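What follows is a short report on a single structure.
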There are 2 protein chains.
Amino acid sequence: MSVHSGVPTSSAVEDYAKAIYALAAESDGPVSTNAVAERLGVTPASASAMVKRLDELGLARHVPYRGVELTARGSQLALEVLRHHRLLELYLAESLGVPWDRVHDEAEVLEHVLSEELEELIATKLGNPKRDPHGDPIPTRELEIEEDHTLSFDSLEPGGRGTFVRISDSDPQMLRYLADRGISPGAAFEIVEKQPFGGPLFARFGDEVHVIGGTLAARMRVEVST
Amino acid sequence: MSVHSGVPTSSAVEDYAKAIYALAAESDGPVSTNAVAERLGVTPASASAMVKRLDELGLARHVPYRGVELTARGSQLALEVLRHHRLLELYLAESLGVPWDRVHDEAEVLEHVLSEELEELIATKLGNPKRDPHGDPIPTRELEIEEDHTLSFDSLEPGGRGTFVRISDSDPQMLRYLADRGISPGAAFEIVEKQPFGGPLFARFGDEVHVIGGTLAARMRVEVST
DNA sequence: AATAAAGTTTAGGCATGCCATAATCGGGCA
DNA sequence: TGCCCGATTATGGCATGCCTAAACTTTATT
Ligand SMILES: [Mn+2]
Ligand SMILES: [Mn+2]
Ligand SMILES: [Mn+2]
Ligand SMILES: [Mn+2]
């Protein structure tokens, strides 16, 4: 049990705050209890009980049947844990050579246990980085986070050029697929061809043209260079 | 909840195994429930219940009113966690620059959460070290540990020479005191003078003669050079 | 040997965090 | 307006891990 902003928090509470934060970012307005349950792999009944507790802790406001929203404190908690998570991912990858498809699971546990002192030492050692290995922005010490204005890779048309900036960190298979092909955030690309109906996308990264399946393309975020 | 040697273990179970292991090393024969309780800062009733559970898990044998002893499995668990603890302490000190009086508390939490994969990466990065920053031996990958044949510093007489090799890691104040004077495991010394009745010891480390209080001297372990 | 003191265990409780099942609520469609 | 279905809550259970108070065993003292 740690304490953040005067609120005693367990790993479970922190995970709920993170989940609500992420879901709220995906689609605004209050988050449904069921969505939280599904994301965390618990039953709706469990999620309902925990959401009620977050409300009592002052981390969220829950209006029955209407969904849940984080308070300022709740957002801060989520960002604090997100900062831990992403710093750890980058640290494990850079300093210990953990492959990028495995850093997530390690960080998922360590994030709840990292002290403020170690957080600070790690951030300093890494040079206060702005993004983790998957391109996700790392909240600052002051818990500010840079919202990005990226597009989904599969929304581009042939001829489109840009930079691959970000990918969901939670699917190791996708990450391994990209790693095997030497594709990682920061890579420049050009769309060569696009099959309709969620079909694959053919994109050039460096010298080679790679086939990116529809599902994968939907999870890759890119910035286009006009 | 992790799994070691087929036994599901929580942080609490691991801490109890460590405590029993340490107490058994200090004085042989079965370990009393009260000693365990005191070491872990819980009530005797709590310790009694947990010791019973360790027995059911096959990690210890507990004879009511007679004390508890670890089984082979229980010792392995304790050594596994000790390996984690000491590798982490050294890693935090070497790679992140955490002062040696603070590594213990961090390691105390992280030891339960470190994956085998990270353990291995850390051990490799450190060059499979044999001792942690306090001079405590690190169990090998195969969980063998080197028993040392050290003497208590306060058992020496004036004129005695040797090497300071080890000190309890759990008292930050003592560690800071030594660190402030540049005394750490590996340092050669010569006893200059010794006051009776638990009084201080005057010992030369390098050029300087330092005053070592009776309590501190009792916790320092040394090897004498005939 | 009897009794006191010390050490240990049991009994009963509390909090966390998860589950399943069953009752209930509320918004959208007929 | 009423009904249905999905979302929500209520209820009861399980496991962990700690507590206090009370009962019990062992050991030390007289
Ligand atoms: Mn991640
Ligand atoms: Mn922090
Ligand atoms: Mn330690
Ligand atoms: Mn290990």
Side-chain angles (χ1 to χ4, degrees), chain A residues 1-4 7-20 23-24 27 29-69 74 77 81 108-109 111-113, chain B residues 1-4 7-20 23-24 26-27 29-69 77 81 108-109 111-113:
Chain A
M1 194 83 102
S2 31
V3 175
H4 293 277
V7 184
T9 57
S10 60
S11 296
V13 165
E14 292 174 4
D15 283 337
Y16 273 87
K18 271 204 312 178
I20 297 167
L23 290 167
S27 63
V31 173
S32 87
T33 307
N34 259 27
V36 174
E38 198 180 339
R39 187 172 177 108
L40 292 177
V42 300
T43 60
S46 301
S48 192
M50 277 299 277
V51 152
K52 211 166 151 193
R53 262 194 71 216
L54 290 217
D55 187 306
E56 281 154 13
L57 289 170
L59 297 170
R61 285 304 148 215
H62 177 227
V63 183
Y65 297 101
R66 303 255 128 191
V68 62
E69 277 176 309
L77 173 59
V81 179
E108 202 59 46
V109 183
E111 63 186 8
H112 303 296
V113 145
Chain B
M1 194 83 105
S2 31
V3 175
H4 293 278
V7 184
T9 57
S10 60
S11 297
V13 166
E14 292 174 4
D15 283 337
Y16 275 87
K18 270 204 314 177
I20 297 168
L23 290 167
E26 281 169 21
S27 63
V31 173
S32 86
T33 307
N34 256 27
V36 174
E38 198 181 339
R39 187 171 177 108
L40 293 176
V42 300
T43 61
S46 302
S48 190
M50 276 299 280
V51 152
K52 210 168 152 193
R53 262 193 68 215
L54 290 217
D55 187 305
E56 281 154 13
L57 288 170
L59 296 170
R61 285 304 147 215
H62 177 227
V63 183
Y65 295 101
R66 298 268 114 159
V68 63
E69 276 176 310
L77 174 58
V81 179
E108 202 58 47
V109 182
E111 64 187 7
H112 304 296
V113 144

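On a predicted model such as this, the values are computed, not experimentally measured, just so you know. A note on names: the letters A, B, ... follow the listed sequences, proteins ahead of strands, and every chain is numbered from 1.
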Query raised in the report: Within the pair A:His62 and D:dT8, is there a side-chain N or O less than 4.0 Å away from OP1 or OP2?
Result: no

**Report entry** Short side-chain N/O contact from B:Thr33 to OP1 or OP2 of C:dT9, under 4.0 Å
**Finding:** yes

Report task. Go along nucleotides 15-28 of chain D 5' to 3' and tag each nucleotide: B for a protein heavy atom under 4.0 Å from its base, S when only backbone or sugar atoms are that close, - otherwise. Result -> -SSSBBB--BSSS-

Query raised in the report: Can you name the residues that form a side chain to side chain contact (heavy atoms under 4.5 Å, CB included) with B:Ser11, not counting sequence neighbours?
Result: B:His112

Report summary line: Taking every heavy atom of A:His62 against every heavy atom of A:Gly67, the minimum-distance pair comes out as CD2-O, 3.3 Å

Query raised in the report: With sequence neighbours left out, what residues match A:Glu14 under salt bridge (charged side-chain N to carboxylate O under 4.0 Å, His left out)?
Result: none

Query raised in the report: Between A:Lys52 and C:dG17, is there a side-chain N or O to OP1/OP2 distance below 4.0 Å?
Result: no

Query - N or O in side chain of A:Ser48 less than 4.0 angstrom from D:dT9 OP1/OP2 - result: yes

Result block: side-chain N/O donor-acceptor pairs under 3.5 angstrom for residues 38-50 of chain A, not counting sequence neighbours:
residue : atom : partner : partner atom : Å
A:Arg39 : NH1  : A:Glu26 : OE2          : 3.4
A:Thr43 : OG1  : A:Ser46 : N            : 3.3
A:Thr43 : OG1  : A:Ser46 : OG           : 3.0

Requested in this report: Hey, could you give me each pair passing side-chain hydrogen bond (donor to acceptor under 3.5 Å, both in side chains) that has a residue in residues 51-60 of chain A? Not counting sequence neighbours.
Outcome: A:Asp55-A:Arg61

Query - Gap between atoms CD and C1', on A:Glu38 and C:dC19 respectively (whole Å) - result: 18 Å

Query raised in the report: What residues, two or more places apart in sequence or in another chain, satisfy salt bridge (charged side-chain N to carboxylate O under 4.0 Å, His left out) together with A:Glu69?
Result: none

